[in-house]
2 protein chains.
Amino acid sequence: MVDADARRTELAEAAWRVILRDGLERASVRNVAREAGLSMGSLRHYFGSQTELLAFAMGLVTERARRRVRALDLASCGPRQAAESMLSEVLPLDAERRAEAEVWLALTGKALVDPILRALRDEAYDGLRELCERSVRALVESDGAVPGLDVDLETERLYAVIDGLTVHAVIRPDLASTETVKAVLARHLAGLCRRA
Amino acid sequence: MVDADARRTELAEAAWRVILRDGLERASVRNVAREAGLSMGSLRHYFGSQTELLAFAMGLVTERARRRVRALDLASCGPRQAAESMLSEVLPLDAERRAEAEVWLALTGKALVDPILRALRDEAYDGLRELCERSVRALVESDGAVPGLDVDLETERLYAVIDGLTVHAVIRPDLASTETVKAVLARHLAGLCRRA
DNA sequence: TCCTTTATAGCACAAACGTGCTATCATCTC
DNA sequence: GAGATGATAGCACGTTTGTGCTATAAAGGA
């Protein structure tokens with residue numbers, strides 16, 4: 001018996017590679033199957049349609065990010081350190097995550113029009129927004145924050161910083177280097193706190 | 001004689017409509033020509049290839065934004081008001097600009113892989129970055145800014161806020177409403193200034 | 001008026017695509 | 001061992017695609 005879920009993951013990763021190398025429009029059933037070293041028919045044994053394949057590939061990106069965040073041990077950190085750690089797992093700070101983010105952006109483009117991908121995208125963005133909200137709220141309630149902050153506004157602002165940094169890290173890795181991205185995140189969180 | 005440039009603009013706008021309605025992958029030569037009420041052959045009289053058409057459509061987005069910014073009369077504003085005005089012209093604050101931004105994001109997805117579109121994208125992002133840098137620098141030099149700001153860091157941070165807000169306004173117009181986007185921008189600029 | 005350029009139209013071709021379908025081989029169950 | 005189920009392979013069909021090409025209508029200059 002073959003581990004069907006592992007096979008699906010392999011195929012989704014093959015789809016990633018094709019998307020990264022040749023673009024989303026080349027991520028056809030044929031090309032992904034060839035990249036994975038399988039036949040078209042075999043791929044279709046695991047994914048009933050191309051949309052199913054792309055949806056799985058998209059879900060894999062978010063699942064990995066979610067898993068990284070969940071794996072963190074935040075018991076011994078204050079709210080600011082916790083926020084920095086969690087958000088660092090979402091940002092594309094190394095080559096692997098930059099690749100994931102690039103795949104994500106490519107699929108997000110298609111999600112503008114495909115309802116299934118859109119649902120996945122919205123779910124992921126809601127999760128990220130919640131992460132930002134939790135971070136802001138924890139800071140505010142910890143009494144270390146600048147007084148008078150509007151939680152909703154600061155959530156949206158932090159959320160924008162994260163997504164903006166993600167976009168920049170993908171399309172201009174030369175300008176938005178790992179160090180720069182880290183520094184901007186740290187600076188922004190510092191701006192929410194009373195002490196520098 | 002027909003105004004060739006006006007025709008090209010018409011065709012590019014037809015491409016926008018197809019991209020918005022059916023997605024980038026449906027923006028074929030045939031479909032765009034049909035949307036514009038012309039024949040394939042006629043379209044190809046103005047654009048030698050599909051890439052040329054899409055590149056023109058992409059360039060039109062940035063050109064319009066640039067023109068809006070240039071049309072501003074900033075003589076009588078301080079640096080903070082000037083920054084807010086300029087950046088407001090770049091953000092998708094109404095339906096029309098939201099549509100432009102959506103087209104932009106769709107084409108940006110393809111630019112991850114197409115060198116010609118990538119050059120256009122990079123050029124536009126450089127322009128936006130420069131806008132942010134000018135805004136930050138003007139604030140800092142006007143002596144109204146919080147002391148000790150790192151211009152490069154603040155440029156990248158403002159730049160991230162702008163692009164993050166753009167993404168959110170396109171994909172979640174319900175959450176990132178016009179008012180919210182405006183408020184976040186105002187809040188961020190206020191955070192760079194000494195007085196609230 | 002004639003001739004050259006421009007504009008529009010549309011056919012033709014090869015390539016790629018998604019998917020329905022059947023066939024073969026392996027693996028597990030009884 | 002026989003039969004059922006899962007896994008892999010690949011063909012075939014109808015569409016759509018980008019682009020090369022030719023043909024017709026309009027316009028402008030001599």
Interatomic distance where CZ belongs to Arg7(A) and C1' belongs to dT27(C) [whole Å]: 14 Å
Do Ser39(A) and Ser42(A) have a side chain donor and acceptor closer than 3.5 Å? no
Given atom CZ of Arg30(A) and atom P of dT8(D), what is their separation to the nearest angstrom? 19 Å
Roughly, in whole Å, what's the span from CZ in Arg26(A) to P in dA15(C)? 14 Å
Decide, yes or no, whether a salt bridge links Asp126(A) with Arg129(A) under the criterion of side-chain N to carboxylate O below 4.0 Å. no
Please report, rounded to the nearest Å, how far the P atom of dG18(D) is from the CD atom of Glu25(B). 12 Å
Which part of the nucleic acid does Leu38(A) contact within heavy-atom distance under 4.0 Å: base, sugar-phosphate only, or nothing? sugar-phosphate
Could you please spell out the steps behind the side-chain contact (heavy atoms from CB on, under 4.5 Å) verdict for Val18(A) and Arg34(A)? CA-CA 10 Å; Val18(A) 174; Arg34(A) 182 179 316 127; over 6 Å; no
Treat each ILVMFWY residue as a node, draw an edge where side-chain heavy atoms are under 4.5 Å apart, and state whether Leu120(A) and Leu11(A) are in one component. no
Just the rounded figure in Å: distance from C1' of dC17(C) to CG of Leu53(A). 14 Å
Can you tell me if the side-chain N/O atoms of Asn31(A) get under 4.0 Å from OP1 or OP2 in dC17(C)? yes
Counting side-chain heavy atoms from CB outward, which of dG18(D), dA9(D), dG18(C) is closest to Gln50(B)? dG18(D)
Please write out each protein N/O paired with an N/O of nucleotides 21-29 of chain D under 3.5 Å, distance rounded to 0.1 Å.
unit_1	atom_1	unit_2	atom_2	d
dG28(D)	OP1	Met1(B)	N	2.7

From CG of Leu54(B) across to P of dG18(D) the rounded distance in Å is 9 Å
Between Met40(B) (CE) and dG18(D) (C1'), how many Å, whole number? 8 Å
Are the side chain of Tyr125(B) and the backbone of His168(A) linked by a donor-acceptor contact shorter than 3.5 Å? no
Tyr46(B) side chain near dT8(C) phosphate (N/O to OP1/OP2, under 4.0 Å): yes
Indicate, with yes or no, if Leu112(A) and Leu107(A) share a hydrophobic cluster defined by side-chain heavy-atom contacts under 4.5 Å among Ile, Leu, Val, Met, Phe, Trp and Tyr. yes
Specify the separation, in whole Å, of atom CG of Asp3(A) and atom P of dT8(D). 11 Å
Among Val151(A), Leu192(A), Asp150(A), find the residue that satisfies the side-chain contact (heavy atoms from CB on, under 4.5 Å) test when tested with Val140(A). Val151(A)
I want to check one thing: is the phosphate of dC17(C), taken as OP1 and OP2, less than 4.0 Å away from some side-chain N or O of Ser28(A)? yes
If only side-chain N and O atoms of His45(A) are considered, is one of them under 4.0 Å from the OP1 or OP2 phosphate oxygen of dT8(D)? no
